[in-house]
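To start, the structure itself, in structure tokens.
On a predicted model such as this, the values are computed, not experimentally measured, just so you know. Naming: A, B, ... by sequence-line order, numbering from 1 per chain.
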2 protein chains.
Amino acid sequence: MTTRPSTQETRERLLAAALEAFGQRDYDAVSTRELATAAGVNLAAISYHFGGKHGLYLATARLLGERMRALLHEDLSWIRSTYADASPEECRRLVGDLIGRLASRLLGDEFGRHVPGLIIREQGRPTEAFEILYETLFGPVHHVLGELIGRARNRPADDDEIRVIAHALIGQAVIFRAGRTALLRYMDREGFDEGDLVHIRRVVAALAESALATPGEGAQR
Amino acid sequence: MTTRPSTQETRERLLAAALEAFGQRDYDAVSTRELATAAGVNLAAISYHFGGKHGLYLATARLLGERMRALLHEDLSWIRSTYADASPEECRRLVGDLIGRLASRLLGDEFGRHVPGLIIREQGRPTEAFEILYETLFGPVHHVLGELIGRARNRPADDDEIRVIAHALIGQAVIFRAGRTALLRYMDREGFDEGDLVHIRRVVAALAESALATPGEGAQR
DNA sequence: AGATTTCAAACGATCGTTTGAATTAAGCAT
DNA sequence: ATGCTTAATTCAAACGATCGTTTGAAATCT
């Protein structure tokens with residue numbers, strides 16, 4: 001009863017191959033022939049189904065955005081339902097937890113393999129894909145962090161200082177993927193095992209939490 | 001007295017154009033013709049002087065590394081000469097100062113325009129250029145931060161936890177370039193002026209400093 | 001049957017590099 | 001200085017390879 005036998009599968013195969021390729025290499029460094037071969041489909045399928053390489057790229061960004069939204073949904077929505085009547089101390093703890101979790105996820109699993117490559121690359125030369133990825137990933141994290149940190153410091157979430165802090169803390173997590181190679185070298189390792197990830201998650205969480213422990217300069221102005 | 005560009009000038013022009021181009025776009029996204037045109041030299045000069053596009057790329061990485069070394073030299077060597085007999089509190093302050101300075105530099109001036117693009121891109125697919133850049137940039141900062149944080153927490157600088165913390169704090173600075181576009185959007189701005197930079201530098205410095213204020217979990221093990 | 005999807009082949013454009021002649025700089029005998 | 005030789009550098013043009021895309025016929029499905 002397959003109403004669309006191979007049409008959908010061709011699309012999915014191409015998207016999977018594109019996610020793998022665009023996730024770790026630049027747009028221009030990925031060729032359509034390579035994508036078609038990796039996906040096991042004909043070269044012309046890219047133009048046929050996505051209107052061209054760029055269309056496939058955008059579709060990949062959308063796919064990635066949706067997956068991220070699903071992955072982050074439980075974490076973020078739980079936090080969102082919590083912080084409304086949480087104490088500043090609890091908010092601090094939530095921030096640390098979120099940052100630590102983000103760091104180990106980015107470093108460790110499937111989650112982190114593709115996301116930052118695409119996202120960080122989009123920062124340099126933003127295309128339409130940036131909008132897609134910001135709204136599903138950077139944006140929600142920015143927003144939730146802003147709320148939490150605002151509460152932790154008794155300041156409005158849209159305060160400039162709060163936003164700078166939120167961004168800086170995200171950096172604590174992102175660097176574990178963006179600077180992964182440098183970290184491997186710094187820590188003299190060939191890869192990170194489960195124990196490393198747990199350790200890193202704890203350390204980063206504690207670091208982010210204590211970063212908010214002392215009131216910022218804005219408080220005593 | 002027709003001033004034909006001398007040998008050296010041709011090289012320098014190409015390097016300048018390459019730094020500009022490779023600093024913000026991917027290797028494959030930059031064409032040799034574009035570089036030659038931007039530099040105002042003949043296309044064949046790339047092969048003649050650098051042995052090809054890849055040679056020019058590596059030479060660019062070397063040039064960038066040297067400039068970074070010069071830029072960081074005063075900061076780092078001053079710190080190096082200081083921390084030997086500095087108190088943990090002073091070390092904390094030095095860390096905050098360094099991270100804040102790094103953040104505003106990366107975000108603001110010429111320093112930041114080219115570095116992270118090249119470096120972060122090299123993390124995904126490390127080439128020989130990664131070695132060059134790690135040794136002149138990431139490496140020294142890692143090292144100095146490790147020493148400072150180690151002293152601040154009374155632990156050896158080569159401790160795993162210290163290294164994770166050092167890396168995370170670097171992330172606080174790097175994100176201001178790597179995630180610049182997202183930050184602009186988050187803060188609803190079109191660019192950052194001098195006031196923004198000063199503010200960001202202060203906030204990030206205070207954040208990093210207070211992150212080290214509470215003893216890590218390793219201390220009470 | 002008619003519409004949709006796949007396929008091998010080819011298209012023009014652009015890529016990095018090479019070529020060989022033209023131009024410039026430098027050394028040297030006169 | 002002057003002419004001549006030689007090496008170094010620049011230049012326009014062309015090379016083969018690969019790029020993204022298009023084509024029109026074959027295959028498949030409704």
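Nearer to the 5' terminus of DNA chain C, by closest-nucleotide assignment, is the contact made by A:G40 (compared with the other of B:N42 and A:G40).
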Residue pair B:Y57, B:L118: steps toward the side chain to side chain contact (heavy atoms under 4.5 Å, CB included) verdict: CA-CA 10 Å; B:Y57 178 68; B:L118 243 163; 3.2 Å; yes
Run the salt bridge (Lys or Arg N to Asp or Glu O under 4.0 Å) test on B:R62 and B:E66 for me, step by step, so that the C-alpha distance in whole Å, both residues' side-chain angles and the decisive distance to 0.1 Å come before the verdict. CA-CA 6 Å; B:R62 268 186 287 269; B:E66 273 164 35; over 6 Å; no
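Of all non-hydrogen atoms in A:P126 and B:T181, the two that sit nearest each other are CG-CG2, 3.7 Å.
The salt bridge (charged side-chain N to carboxylate O under 4.0 Å, His left out) analysis of residues 142-151 of chain A, with sequence neighbours excluded, yields no pairs.
Following rounding to the nearest Å, B:R13 (CZ) and D:dT10 (C1') show an atom-to-atom distance of 13 Å. Residue A:I46 contributes atom CD1, which lies 13 Å from atom C1' of D:dT22 at whole-angstrom precision. Put simply, CZ on A:F50 is 13 Å from P on D:dT21, counting in whole angstrom units. In this structure, B:E9 atom CD and C:dT24 atom P are separated by 15 Å, rounded to whole Å. A straight line from NZ of B:K53 to P of C:dC15 spans 9 Å, rounded to a whole angstrom. The CG atom of B:L43 sits 10 Å away from the P atom of C:dC15 (whole-angstrom rounding). To the nearest angstrom, C1' of C:dC7 lies 13 Å from OH of A:Y48.
Look at B:H49 and you'll find a side-chain N or O under 4.0 angstrom from OP1 or OP2 of D:dT10.
In the set D:dT21, D:dC11, D:dT10, the nucleotide with an atom closest to the side chain of B:T10 is D:dT10. For A:A44, counting side-chain heavy atoms from C-beta on, the closest listed nucleotide (C:dT18, C:dT5, C:dA8) is C:dA8.
With salt bridges taken as basic N to acidic carboxylate O contacts below 4.0 Å, one links A:D75 and A:R105. Residues B:D188 and A:R163 are not paired through a salt bridge, judged by the lack of any N-O separation under 4.0 Å between the basic side chain and the carboxylate. Taking 4.0 Å as the cut-off between side-chain N and carboxylate O, B:D28 and A:R25 do not count as a salt-bridged pair.
Of the residues in residues 14-33 of chain B, B:R33 come within less than 4.0 Å of DNA chain D through at least one heavy atom, sorted by number.
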